[in-house]
Amino acid sequence: MDKKSILFQLAFLQFLSGFLTFNSMNVQIRCLQIERKVLLDFKQGLTDPSGRLSSWVGEECCQWDGLTCNNLTGHVIKLDLRNPFQSDEAGHQESALRGQNRFWGSLPETIGSLSSLEAISMFGNPTNGSIPESMGQLSKLIVMNFGQTLWKGTISERHFLNLTRLENLEISSTSLKKSLNFNVGSQWNPPFKLKSIILAHIQAGPMFPEWVQTQNDLTRLFLNDIEISSTLPDWFWSWCSQHIDDLDLAHNQIRGTLPRSLHFHYEANVYLISNQFRGPLPMWSNVRRLYLWGNSFSGLIPENISEIMPKLRDLDLSENCLSGGIPPSIVNLRHLNTLVLSFNHLSGELPADWSQLQHLQVLDVSNNNLSGTIPSSIGFLHSLQLLSLSNNKFTGKIPLSLQNCTGLWNFDLSENRLSGSIPAWMGNITSLLILHLRSNFLSSELPTQLCHLLKLHVLDLADNNLLGWIPQCLGNLSGMISDVPPEFVHLYQGHATLVAKGRELEYSSTLSLVKTIDLSANNLTGKVPEEITGLLRLGTLNLSMNHLTGRIPPMIGSLRWLETLDLSKNQLSGTIPSSLSMISSLSHLNLSYNNLTGKIPLGNQLQTLNDPSIYEGNPGLCGDPLKTKCPEDDTSSESSEEGNGENERFDILWFYFGVASGFIVGFWAVCGAMLLNKSWRQKYFKFIDERKDKACVFIAVTLAHWQGRMKSIRNRDRQATFSTT
């Protein structure tokens with residue numbers, strides 16, 4: 001074939017391709033009517049408050065929102081009904097599809113008729129029926145996403161009978177009851193080759209699903225909270241090292257030990273949270289995320305961890321039984337974003353040089369036995385957002401270099417042995433939401449620069465040796481009025497122990513929602529600032545065990561969200577403000593051991609706080625719930641007893657007087673008017689005569705009617721008797 005012939009054929013093919021493309025763009029894809037009927041049946045079983053299915057009308061279903069059709073055959077190949085809003089966004093609830101009528105939000109059994117369907121996603125919709133077995137007939141299905149729904153019933157092998165092309169499977173529930181049971185046989189050999197498996201918050205245990213071993217194309221395996229309580233199969237770890245990129249076996253009760261050495265083929269994420277693994281830590285390479293918290297690991301953190309896991313970005317070994325020190329090589333993990341080693345038995349000092357971890361955002365080594373001073377090199381971590389060194393044995397002063405960590409939102413050095421002053425430069429870290437320095441040996445005055453922390457919603461400086469007055473400008477802390485910025489709600493928040501409702505409470509995932517000021521157990525003097533009553537959403541105010549004087553602010557009742565108010569063990573004087581009874585959320589109150597006087601206010605929520613101990617140590621207080629009665633109560637009690645008999649007789653006399661007066665007025669209002677007015681008398685008697693005549697006529701007619709009926713009945717009875725005879 002010569003060169004010209006080849007060029008001609010290529011040109012012809014290009015022309016033909018363009019012609020077909022042009023025609024395909026101008027030919028409307030026709031919807032198959034059997035598939036259209038299935039979709040309309042499905043729509044009838046749903047409530048659509050936001051109108052997401054409003055386009056599902058007319059004959060051409062391929063033009064409907066959420067559907068994708070094959071350009072040549074017209075078959076529906078994709079059904080995507082995911083909620084356009086995330087679960088934490090305002091429009092999520094309003095836009096969620098809901099089930100109604102006999103479908104209860106489930107898919108119709110006729111779903112199997114959509115023979116060309118390639119993808120179906122119901123993620124995030126509150127559908128709560130059962131999954132029809134006809135799903136197993138969708139032989140072209142590639143994606144099945146039933147994540148975060150309320151499915152119930154049983155999923156068996158029949159649901160996957162002909163799903164030979166399935167690659168992505170996600171089935172998870174938002175129900176705490178685990179009403180969906182994934183029940184396939186131990187020897188099941190699936191017809192598909194998956195790339196991703198996500199099973200979460202359903203019942204699929206107690207044995208580990210052996211069929212997973214057949215999925216040699218798998219890169220992501222999430223078996224989260226599915227009630228597995230067995231040991232892992234012997235083949236599992238070697239199989240993982242060849243296939244798995246992301247591994248999540250969290251929140252099960254899997255038992256056994258982990259391998260000492262394992263090399264994943266890909267950069268892997270490993271989540272083995274809240275199981276019962278024991279033994280030393282594994283040595284895994286190519287792992288990006290290693291989450292092993294909530295297990296029973298013992299022993300040491302490997303000394304050469306930076307060589308074993310050089311690509312590590314997130315490391316969480318919290319809530320285990322690890323001992324020894326933090327190895328110096330950990331600061332060589334240059335890609336590290338998160339380091340959480342809290343709630344172990346680690347001891348010794350922190351590594352000296354942290355300057356290489358320029359991507360580190362979270363450093364949490366709280367609740368260990370660490371000691372020494374806080375390394376000044378931590379101040380070079382410019383990306384740091386959370387620093388928690390609480391509940392250790394650190395000594396010395398707060399390093400000046402920490403003022404460089406201007407992105408901090410959680411600064412927790414509580415329950416250590418730190419001394420010196422609260423640095424004024426803390427007021428420059430304006431991103432702070434949580435400042436937690438309780439239970440140290442800090443001995444300065446409260447710097448007014450703290451009032452610059454406008455976003456602050458936890459200020460806990462309790463149990464130190466702080467001096468001086470409480471700054472009035474604390475009323476400027478607008479974070480105690482507004483909501484927490486939504487971006488912080490989903491960040492790792494660490495753990496914090498705060499005193500609320502009279503006891504120590506530990507907060508973790510809800511820490512960003514707490515609003516508290518705790519300056520208790522210090523040496524503060526002066527008055528309680530009136531300005532604090534403007535922090536309208538404050539939940540806890542604890543100023544107890546100081547040397548405060550003056551009155552309780554009269555507008556204390558403005559704190560409508562206040563749950564805990566503790567002003568005990570001060571030298572406060574005056575009466576208890578009546579506005580205190582307006583705080584409907586108040587569940588813990590302690591005003592004991594002050595110099596308060598007068599009657600205890602009553603009403604609303606204060607009626608439920610009837611423990612006398614919350615007022616004891618105030619000799620000048622009286623009234624319920626104390627046994628001491630107020631003088632005005634005794635006077636009013638005596639006068640009321642003396643006046644009871646007099647009042648009773650007086651009430652009886654008024655009763656008889658009222659009855660007599662009513663009779664007299666009623667009688668003369670009618671009879672007197674007729675006596676004085678001749679025309680009224682004539683009309684009245686005429687009215688009586690007319691009513692009398694009508695009554696007589698009515699009685700006569702009625703009697704005649706009944707006489708006639710009785711006569712006819714007697715005649716009928718005679719005829720019946722005669723005919724019988």
Side-chain angles (χ1 to χ4, degrees), residues 433-435 446 448 450-462 469-485 498-502 512-520 524-546 548-592 594-611 614-615 618 621 623:
L433 296 175
I434 298 169
L435 179 57
L446 287 175
T448 56
L450 294 181
C451 301
H452 299 161
L453 304 177
L454 300 183
K455 296 181 180 180
L456 205 64
H457 69 102
V458 171
L459 176 61
D460 191 347
L461 309 178
W469 289 43
I470 300 174
Q472 295 178 352
C473 60
L474 287 185
N476 298 336
L477 301 181
S478 54
M480 305 286 184
I481 302 174
S482 58
D483 291 327
V484 176
L498 303 173
V499 175
K501 302 179 182 179
S512 63
L513 305 178
V514 179
K515 298 182 186 297
T516 182
I517 293 179
D518 192 344
L519 305 178
S520 61
L524 299 173
T525 56
K527 298 180 179 181
V528 178
E530 180 75 33
E531 290 77 6
I532 287 182
T533 62
L535 304 178
L536 301 181
R537 300 184 68 174
L538 189 63
T540 296
L541 177 59
N542 191 346
L543 305 179
S544 63
M545 293 181 280
N546 281 288
L548 301 176
T549 56
R551 305 172 67 89
I552 299 174
M555 297 302 295
I556 194 72
S558 301
L559 302 176
R560 298 297 181 87
W561 291 67
L562 200 64
E563 296 180 347
T564 298
L565 176 62
D566 193 343
L567 303 177
S568 63
K569 298 180 181 178
N570 281 286
Q571 288 93 50
L572 299 173
S573 58
T575 59
I576 300 175
S578 59
S579 67
L580 194 63
S581 63
M582 300 169 60
I583 307 177
S584 59
S585 58
L586 195 63
S587 60
H588 179 81
L589 174 66
N590 194 347
L591 303 178
S592 62
N594 280 285
N595 298 317
L596 300 172
T597 58
K599 185 176 181 179
I600 298 172
L602 299 176
N604 299 331
Q605 187 68 9
L606 283 184
Q607 296 292 98
T608 65
L609 303 176
N610 53 10
D611 183 0
I614 67 179
Y615 301 109
N618 292 281
L621 284 180

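Checked against side chain to side chain donor-acceptor pair (under 3.5 Å), Arg560 has no partners two or more places apart in sequence or in another chain. Looking at residues two or more places apart in sequence or on another chain, you find a side-chain contact (heavy atoms from CB on, under 4.5 Å) between Leu536 and Ser558. Under the side chain to side chain donor-acceptor pair (under 3.5 Å) criterion, Asn595 pairs with no residue at all, not counting sequence neighbours. Asn590 meets the side-chain contact (heavy atoms from CB on, under 4.5 Å) test with Asp566, Ser568, His588, Ser592; sequence neighbours excluded. For Thr525, the side-chain contact (heavy atoms from CB on, under 4.5 Å) partners two or more places apart in sequence, or in a different chain, are Trp469, His547. Scanning for side chain to side chain donor-acceptor pair (under 3.5 Å) contacts around Ser520 gives Asp518, with sequence neighbours left out.
Residue Leu606 holds its CG atom at 11.0 Å from OG of Ser584, rounded to the nearest 0.5 Å. A distance of 8.5 Å separates CG in Leu519 from CG in Asp460, rounded to the nearest 0.5 Å. The CG atom of Leu541 sits 13.0 Å away from the CD atom of Glu563 when rounded to the nearest 0.5 Å. Atom-to-atom distance recorded for Ile532:CD1 and Ile470:CD1 is 5.5 Å, nearest 0.5 angstrom. Between atom CG of residue Leu538 and atom CD1 of residue Ile481 there is a gap of 10.0 Å, rounded to the nearest 0.5 Å. Here the straight-line distance linking atom CZ of Arg537 with atom OG of Ser482 works out to 7.5 Å at 0.5 Å rounding.
In plain terms, the two heavy atoms of Leu596 and Ser573 that are nearest each other are CD2-O, 3.7 Å. Considering all non-hydrogen atoms of both residues, Pro471 and Pro529 come closest at O-CG, 4.0 Å. Among all heavy-atom pairs drawn from Leu565 and Ile556, the shortest one is CD2-CG1, 4.2 Å. Minimum interatomic distance between Pro553 and Thr533 (heavy atoms only, all atoms of both residues): CB-CG2, 3.8 Å. Closest non-hydrogen pair, Cys473 versus Thr448, comes out as SG-O, 3.9 Å. Considering all non-hydrogen atoms of both residues, Ile434 and His457 come closest at CG1-NE2, 4.1 Å.
With contacts defined as side-chain heavy-atom distances shorter than 4.5 Å, the pair Ile517/Asn542 does not qualify. With a 4.5 Å cut-off on side-chain heavy atoms, Gln472 and Glu531 count as touching. In this structure, Leu589 and Tyr615 have side chains that are in contact, with non-hydrogen atoms separated by less than 4.5 Å. Leu433 is not listed as a side-chain neighbour of Val458, based on a closest heavy-atom distance of 4.5 Å or more.
Under the 3.5 Å distance criterion, the side-chain polar atoms of Lys527 are left unmatched by any main-chain donor or acceptor of Arg551. A donor-acceptor pair under 3.5 Å is absent between the side-chain atoms of Lys515 and the main chain of Leu456, judged by distance alone. In this structure, the side chain of Ser478 engages the main chain of Leu454 through a donor-acceptor pair within 3.5 Å.
Tested against Leu621, the residues Leu591, Ile576, Asn594 include a single side chain to side chain contact (heavy atoms under 4.5 Å, CB included) partner, Ile576. Of the candidates Asn546, Ile552, Asn570, Leu543, Leu543 is the only one forming a side chain to side chain contact (heavy atoms under 4.5 Å, CB included) with Val528.
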Where do Leu459 and Leu461 land on the side-chain contact (heavy atoms from CB on, under 4.5 Å) test, with the steps shown first? CA-CA 6 Å; Leu459 176 61; Leu461 309 178; 3.8 Å; yes
For the pair Leu548 and Gln571, evaluate side-chain contact (heavy atoms from CB on, under 4.5 Å) and give the outcome as yes or no after the intermediate values. CA-CA 6 Å; Leu548 301 176; Gln571 288 93 50; over 6 Å; no
